[in-house]
Amino acid sequence: MAEAPLVLREDRLDYTPLARSVTLARRRAARLVTDWGLPVLAGDAALVVSELMTNALLHGSLRDRLVRVRITLTGSVLRIEVSDPRGERLPCLRAAEGADQFGRGLLLVETLTDRWGSEPRSIGKTVYAEWDLAGRSDLFAGTGEWQEWR
């Protein structure tokens, strides 16, 4: 069995299932990813957190249960996770029509990241999205931190 990669940076925060939590999580993700030396990915990370949080609020939240956002950085992967208490409601890509207001979130996540998926939890599920960083020195341009992590 492969050994799990060493986590270099990690952030985990629970949010109430309210619309304003999406904004808070999006801003936090952009700031963290920038602070961690990946400013090129900050906007994409913010959008992915926003989409995954919105889906969690619309399809996975319960009034008395929190939604968790976890962001981790290893030497080769930036990972965003959003966990909610509704494990029976799994995410799936939808084909949105031109005038539809909903249905494009996971398509955006799929387009912006290298992979996404979901994992069961003892209660609920975690939806994740990942960017591969290995060999992508362009993502660390100007920070000097890539040398430290290599």
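No hydrogens, no waters, no symmetry mates; every other heavy atom, side chains included, goes into these values.
When every heavy atom of L62 is checked against every heavy atom of P17, the shortest pair comes out as O-CG, 3.6 Å. A pairwise comparison of heavy atoms in S83 and T126 identifies OG-OG1, 2.6 Å as the closest pair. Considering all non-hydrogen atoms of both residues, A42 and A30 come closest at CB-O, 3.7 Å. Of all non-hydrogen atoms in L8 and T74, the two that sit nearest each other are CD1-C, 3.7 Å. Considering every non-hydrogen atom in both L18 and L57, the closest pair reads O-CD1, 3.3 Å.
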Apply salt bridge (charged side-chain N to carboxylate O under 4.0 Å, His left out) to D11 and R70, showing your working. CA-CA 6 Å; D11 184 74; R70 180 175 179 247; over 6 Å; no
Steps toward side-chain contact (heavy atoms from CB on, under 4.5 Å) verdict (L32, I71): CA-CA 9 Å; L32 286 168; I71 305 172; 4.3 Å; yes
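Side-chain contact between R9 and T72 is absent, with no heavy atoms from C-beta onward closer than 4.5 Å. Put simply, the side chain of L13 reaches to within 4.5 Å of the side chain of R28, judged on heavy atoms. Between L66 and T16 there is a side-chain heavy-atom pair separated by less than 4.5 Å. For the pair L38 and L73, the minimum side-chain heavy-atom distance is below 4.5 Å. Between L41 and W131 there is a side-chain heavy-atom pair separated by less than 4.5 Å. With contacts defined as side-chain heavy-atom distances shorter than 4.5 Å, the pair E130/W116 does not qualify. Using a 4.5 Å heavy-atom threshold, the side chains of W36 and R31 count as separate.
Proximity of a side-chain donor or acceptor of T113 to a complementary backbone N or O of A129 within less than 3.5 Å is not detected. With D132 contributing its side chain and A134 its backbone, the two residues share no donor-acceptor pair below 3.5 Å.
Of the candidates K125, H59, R121, R65, K125 is the only one forming a side-chain hydrogen bond (donor to acceptor under 3.5 Å, both in side chains) with D84.
For the atom pair S76 OG and L6 CG, the distance stands at 10.5 Å (nearest 0.5 Å).
Under the side chain to side chain donor-acceptor pair (under 3.5 Å) criterion, S50 pairs with R26, not counting sequence neighbours. Listed by chain and number, the residues in a side chain to side chain donor-acceptor pair (under 3.5 Å) with R68 are D14 (sequence neighbours excluded).
Hydrophobic clustering (side-chain heavy atoms under 4.5 Å, transitive across Ile, Leu, Val, Met, Phe, Trp, Tyr) keeps Y128 apart from L106. Linking Ile, Leu, Val, Met, Phe, Trp and Tyr residues whenever their side-chain heavy atoms come within less than 4.5 Å leaves V77 and V82 in two separate clusters.
Under the 4.0 Å criterion applied to side-chain N and carboxylate O atoms, E119 and R79 are assigned as salt-bridge partners.
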